[in-house]
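Only one structure is covered here, and it is reproduced in the block below.
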Amino acid sequence: MTEAVTPYDKPDQPPSESPSAPGAPAAEPAFSPSDIRDGAAIALVTGVAGVLLGLLWVWLAPRVQYVSNGEAVFLRDTESEARIGADGTFLLLSVGFGVLSAVAVFLWRRSGGAAQVVGLAVGSVFAALVGWRVGLWLGPSSDLVAVARKAGKGVPFDAPLELLAHGALLGWPMAAVVVHLALTALWGTRDPAPELSLWPSGYYQAPAAPAAPAAPADSAGHPSADPSGTEPPRP
């Protein structure tokens with residue numbers, strides 16, 4: 001009687017997994033509660049730091065000056081590049097804050113993770129918007145008529161702070177995400193390599209039958225005839 005043997009589905013491949021039983025443990029969620037808390041904390045702290053961006057922008061941005069002749073308001077220096085300088089100052093400050101925030105997050109949590117990157121990106125976008133609005137609020141007034149009347153005829157006064165290139169708002173989030181990913185790739189913690197499992201290379205084979213014993217030899221070394229066999233007929 002032969003024993004039935006069930007081969008694998010395909011050679012050189014592990015057997016197909018059986019469906020999970022009702023009592024099997026459920027798969028882990030993509031974001032654990034601790035990851036969500038870390039991402040929310042990063043977004044909150046980074047967003048609040050946008051106030052500092054607005055303060056530095058008001059302090060360091062070059063000024064555009066207007067002058068009034070009593071009837072209209074004109075640029076004092078038509079060849080001034082102060083407007084472009086204000087956009088450049090905001091962009092440089094944003095990139096600097098992005099690098100600092102990425103380094104701070106990496107030093108706080110070296111393990112990295114998608115939740116930290118999402119929190120850093122969301123917080124950086126919010127921080128850039130906060131810095132922009134705070135700078136406009138703390139800068140010179142946007143009511144040119146009232147400011148010109150107060151300054152008087154022929155007296156120069158500062159124009160309101162403006163951000164002409166709105167693409168500068170992306171400086172903080174782009175710098176933060178790129179630098180954080182680079183730091184994580186270079187010096188982040190590594191997960192241990194999984195152990196390789198060896199699977200059989202083919203079908204299961206039953207053990208071979210034992211070989212028949214050799215016939216005994218005579219005194220000359222020649223194999224003797226089988227005594228149980230039938231002697232061949234003589235001529």
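Because only heavy atoms are used, hydrogens play no part in the values below, and waters and symmetry mates are left out as well, while side chains stay in.
Within the structure, ring-ring contact (aromatic ring centres under 6.0 Å, His included) pairs that include any residue of residues 40-66 comprise Trp57-Phe90 (at least two apart or interchain). For the salt bridge (charged side-chain N to carboxylate O under 4.0 Å, His left out) condition, no pair includes a residue of residues 119-146, sequence neighbours left out. Annotation: salt bridge (charged side-chain N to carboxylate O under 4.0 Å, His left out) contacts involving residues 84-112, sequence neighbours excluded, comprise Asp38-Arg109. A ring-ring contact (aromatic ring centres under 6.0 Å, His included) check over residues 154-181, counting only residues at least two apart or in different chains, returns the pairs Phe97-Trp172, Trp132-His166. Annotation: salt bridge (charged side-chain N to carboxylate O under 4.0 Å, His left out) contacts involving residues 53-68, sequence neighbours excluded, are absent. Within the structure, salt bridge (charged side-chain N to carboxylate O under 4.0 Å, His left out) contacts touching residues 94-103 (residues at least two apart or in different chains) do not occur.
No chain of hydrophobic side-chain contacts below 4.5 Å, direct or via other Ile, Leu, Val, Met, Phe, Trp or Tyr residues, connects Leu52 to Leu100. Residues Val145 and Val67 do not share a hydrophobic cluster, clusters being chains of Ile/Leu/Val/Met/Phe/Trp/Tyr side chains in contact below 4.5 Å. In the hydrophobic clustering of ILVMFWY residues, with side-chain heavy atoms under 4.5 Å counting as a link, Leu129 and Leu93 come out together.
In this structure Leu92 satisfies the side-chain contact (heavy atoms from CB on, under 4.5 Å) test with no other residue, sequence neighbours excluded. Remark: Leu91 pairs with Val95, Ala168 by the side-chain contact (heavy atoms from CB on, under 4.5 Å) rule, at least two apart or across chains.
Contact check for Val130 versus Val51: side-chain heavy atoms found under the 4.5 Å cut-off. Between Pro62 and Thr89 the shortest side-chain heavy-atom distance falls below 4.5 Å. Contact check for Pro160 versus Leu144: side-chain heavy atoms found under the 4.5 Å cut-off. Looking at Leu169 and Ser94, their side chains never come closer than 4.5 Å, going by heavy atoms from C-beta outward.
In this structure, Ile42 shares a hydrophobic cluster with Val105, Trp108, Leu120, the cluster being traced through Ile, Leu, Val, Met, Phe, Trp and Tyr side chains under 4.5 angstrom apart. Clustering of Ile, Leu, Val, Met, Phe, Trp and Tyr by side-chain heavy atoms under 4.5 Å joins Val177 with Val117, Leu181.
Note that CG of Leu107 and CG of Leu183 are 8.0 Å apart. Values are rounded to the nearest 0.5 Å.
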